[in-house]
Student: 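Submitted below is the structure of interest, expressed as structure tokens.
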Amino acid sequence: MSTHDPYPWPAASWTGVGSWPGEDPDEAARTIVGELPDLPHLPELPARGVGADMIGRAAGLLIDLPVEVQPSGWRLVDRPGRDLYRAGTFLSHDLDALTEHAHEYAGTLKIQVAGAWTLAASVELRSGQRVVSDPGAVRDLAESHREGVLAHVAEVRRRLPAARLLVQVDEPSLPAVLLGTLPTASGYGRHPAVDRVVVEGALRDLFTGIEGLGAVPAAHCCAPGAPIDLMRRSGAHALGLDALRLTRDDDEMVGTAVEAGTALMLGTVPSTGDTPDTDARMSDPAATVDPVRELWHRLGITPDLLSRAVAVTPTCGLAGASPAHARAALMAARDGARVLRDEPGR
């Protein structure tokens with residue numbers, strides 16, 4: 001890959017979003033590294049329970065902001081306890097397994113972490129309200145999150161010095177934060193929308209720090225109404241989106257991102273299976289990536305760029321799938337990526 005190449009992966013790449021079924025880090029890392037030769041990722045195994053979930057995993061990285069699980073979810077507390085210890089232990093086991101199976105890997109490797117806005121929308125203050133309800137608490141959380149994520153990136157780089165790191169910041173709650181649709185603790189009200197300038201600034205601070213460590217910043221949002229322009233302007237060099245949720249209203253934002261050299265991880269493969277429609281789509285690689293080819297045709301961008309700019313993924317994480325479906329989903333993504341390379345036009 002040329003140093004001037006804006007795309008952080010080889011042509012016709014495919015990868016997973018992050019989560020994976022099961023509870024065995026060694027088996028998961030061996031499978032991911034084996035099935036994703038050009039763009040493997042650090043597996044997340046939420047089936048292990050508290051601390052392995054997306055929010056707990058990211059909250060475990062926070063610096064000087066301890067959390068624990070309450071009946072209503074994760075909450076800020078005065079001192080670290082058992083839940084934080086579990087989160088740290090799970091992540092350490094995952095990194096040990098990945099280090100063992102990818103220690104000689106020299107391509108792009110993806111790690112994932114929940115973003116500060118999704119944490120602010122999920123983690124509670126001591127009062128029981130969401131952190132997002134308190135601008136001062138949000139600032140503290142964003143700074144703590146940035147410091148913790150950068151330390152995590154540095155640790156992965158130390159363990160896998162030959163790899164080029166792609167850091168995917170997962171922000172599924174971003175549309176709700178921007179639109180003011182998050183319910184209050186009582187359920188009767190809604191938290192006010194957060195100013196887009198504030199959201200963009202916090203994301204930019206994190207992405208700048210990631211880039212400063214020599215890693216590639218990426219933003220992932222598989223929710224409807226993903227703020228594509230905002231994530232791109234914040235400094236994400238790659239965007240992860242559910243291609244099946246994109247509408248013609250998104251075309252201009254996607255086209256602007258592609259023209260700016262932003263790479264795309266587009267979800268087209270069903271993340272869960274066992275329906276006739278799913279089986280039919282996964283057995284036909286061309287049908288799997290038709291939404292991407294149709295998007296490209298509408299954008300009027302040269303087909304030759306398609307397999308360079310786009311990596312094919314499942315629509316979401318695979319933790320809710322059976323192990324058989326999860327493997328089949330990666331194979332469907334591989335076959336779809338090859339269709340984008342060999343038959344980019346319809």
Side-chain angles (χ1 to χ4, degrees), residues 17-29 41-99 111-134 136-156 159 167-173 176-177 182-185 187 191 206 220 316-320:
V17 171
S19 67
W20 189 255
E23 301 181 23
D24 184 342
D26 186 76
E27 180 182 356
H41 64 84
L42 175 64
E44 302 168 357
L45 304 173
R48 292 175 295 185
V50 169
D53 59 295
M54 181 178 74
I55 299 303
R57 191 176 179 89
L61 297 175
L62 296 175
I63 304 298
D64 297 328
L65 279 182
V67 295
E68 69 179 17
V69 173
Q70 300 286 334
S72 54
W74 288 93
R75 181 176 293 183
L76 295 175
V77 291
D78 293 327
R79 60 183 62 86
R82 179 180 58 188
D83 298 331
L84 265 187
Y85 176 78
R86 281 170 57 90
T89 300
F90 284 143
L91 182 57
S92 178
H93 290 168
D94 294 343
L95 289 174
D96 288 345
L98 185 67
T99 303
I111 61 175
Q112 309 82 216
V113 63
W117 292 107
T118 292
L119 283 186
S122 305
V123 175
E124 298 173 351
L125 298 165
R126 292 170 183 83
S127 65
Q129 291 289 0
R130 301 174 196 257
V131 169
V132 74
S133 68
D134 182 334
V138 169
R139 284 193 296 272
D140 291 344
L141 184 143
E143 292 172 5
S144 171
H145 177 267
R146 179 182 185 275
E147 187 178 347
V149 170
L150 296 185
H152 176 51
V153 173
E155 170 65 10
V156 179
R159 288 169 171 261
V167 183
Q168 174 183 301
V169 179
D170 290 318
E171 286 284 16
S173 298
V177 167
L182 287 168
T184 57
H191 292 290
L206 174 59
H220 175 258
C316 199
L318 294 168

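Along the sequence shown, residues carry numbers from 1.
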Student: Please find the pair of heavy atoms, one from Ile63 and one from Gly148, that lie closest to each other, and give the distance.
Tutor: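 Of all heavy-atom pairs spanning Ile63 and Gly148, the closest is CG1-N, 3.7 Å.
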Student: Which value, rounded to the nearest 0.5 Å, describes the distance between Leu206 atom CG and Leu150 atom CG?
Tutor: 6.5 Å
Student: If you take all heavy atoms of Pro66 and Pro80, which pair is closest and at what distance?
Tutor: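 Scanning both residues completely, I find the closest heavy atoms to be CB-N, 3.6 Å.
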Student: With side chains defined as the heavy atoms from C-beta onward, is the minimum distance between Leu42 and Val156 less than 4.5 Å?
Tutor: no
Student: Decide side-chain contact (heavy atoms from CB on, under 4.5 Å) for Ile111 and His152; before the verdict, give the C-alpha distance in whole Å, the side-chain angles of both, and the deciding distance to 0.1 Å.
Tutor: CA-CA 10 Å; Ile111 61 175; His152 176 51; 4.0 Å; yes
Student: Could you give me the CA-CA distance, side-chain angles and deciding distance for Val169 and His220, then say whether side-chain contact (heavy atoms from CB on, under 4.5 Å) is met?
Tutor: CA-CA 6 Å; Val169 179; His220 175 258; over 6 Å; no
Student: For Trp20 versus Pro43, what's the shortest heavy-atom pair and its separation?
Tutor: CB-CB, 4.4 Å
Student: Find out whether Asp78 and Arg126 are in side-chain contact, i.e. whether some heavy atom of one side chain is under 4.5 Å from a heavy atom of the other.
Tutor: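 With C-beta onward as the side chain, the pair touches.
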Student: Between Ala121 and Ser173, what is the shortest heavy-atom contact and its length?
Tutor: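 Closest approach of Ala121 to Ser173, heavy atoms only: CB-CB, 3.8 Å.
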Student: Taking all atoms of both residues into account, what is the closest heavy-atom pair of Ala87 and Gly60, and its distance?
Tutor: CB-CA, 4.4 Å
Student: Counting N and O atoms only, with roles assigned by atom type, does the side chain of Arg75 sit under 3.5 Å from a partner on the main chain of Glu124, one being a donor and the other an acceptor?
Tutor: no
Student: Looking at CG of Leu45 and CG of Asp53, how far apart are the two atoms once the value is rounded to the nearest 0.5 Å?
Tutor: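 Going from the CG atom of Leu45 to the CG atom of Asp53 covers 12.0 Å.
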Student: Please report the C-alpha distance between Glu44 and Gln112 in whole Å, then the side-chain angles of each, then the deciding distance to 0.1 Å, and finally whether the side chain to side chain donor-acceptor pair (under 3.5 Å) criterion is met.
Tutor: CA-CA 8 Å; Glu44 302 168 357; Gln112 309 82 216; 3.2 Å; yes
Student: Is any side-chain heavy atom of Trp74 closer than 4.5 Å to one of Val50?
Tutor: yes
Student: Given side chains that start at C-beta, do those of His191 and Thr184 come closer than 4.5 Å, heavy atoms only?
Tutor: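 Yes. Closest side-chain heavy atoms under 4.5 Å.
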Student: Just wondering, do Met54 and Ser122 contact through their side chains at under 4.5 Å, heavy atoms?
Tutor: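 Ser122 vs Met54: side chains apart.
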Student: Salt bridge check: are Arg57 and Asp170 linked by an N-O gap of less than 4.0 Å?
Tutor: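 No, this pair does not count.
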Student: Test your reading of the model: is there a side-chain donor-acceptor pair from Asp140 to the backbone of Val138, 3.5 Å cut-off?
Tutor: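 Judged by distance alone, no pair lies under 3.5 Å.
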Student: Take Asp134 and Gln129 through the test side-chain contact (heavy atoms from CB on, under 4.5 Å) and record every step on the way to the result.
Tutor: CA-CA 9 Å; Asp134 182 334; Gln129 291 289 0; over 6 Å; no
Student: Hey, are Arg139 and Glu143 close enough for a salt bridge, meaning a charged N less than 4.0 Å from a carboxylate O?
Tutor: no
Student: Do Val17 and Gln168 come close enough that some side-chain heavy atom pair is under 4.5 Å?
Tutor: yes
Student: Can you check whether Asp94 reaches Arg48 side chain to side chain, under 4.5 Å on heavy atoms?
Tutor: yes
Student: Got a donor-acceptor contact below 3.5 angstrom from the Arg82 side chain to the Glu68 backbone?
Tutor: no
Student: Does any N or O in the side chain of Thr89 come within less than 3.5 Å of the main-chain N or O of Tyr85, such that one atom is a donor and the other an acceptor?
Tutor: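 Yes, Thr89 side chain to Tyr85 backbone: donor-acceptor pair under 3.5 Å.
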Student: Hey, is the main chain of Leu318 close enough, under 3.5 Å, to the side chain of Ser19 for a donor-acceptor pair?
Tutor: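 Side chain of Ser19 to backbone of Leu318, a donor-acceptor pair under 3.5 Å: yes, one is there.
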Student: Within the distance-only criterion (no hydrogens, no angle test), does the side chain of His145 pair as donor or acceptor with the backbone N or O of Trp117 below 3.5 angstrom?
Tutor: no
Student: For Ala59 versus Val67, what's the shortest heavy-atom pair and its separation?
Tutor: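 Taking every non-hydrogen atom into account, CB-CG2, 3.6 Å.
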Student: Does the side chain of Thr118 reach to within under 4.5 Å of the side chain of Ile55, using non-hydrogen atoms?
Tutor: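 Yes, side chains in contact.
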Student: List the steps and the verdict of side-chain contact (heavy atoms from CB on, under 4.5 Å) for Val131 and Leu119.
Tutor: CA-CA 8 Å; Val131 169; Leu119 283 186; over 6 Å; no
Student: Once you round to the nearest 0.5 Å, how far does CD of Glu155 lie from OG1 of Thr99?
Tutor: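 These two atoms lie 7.5 Å from each other.
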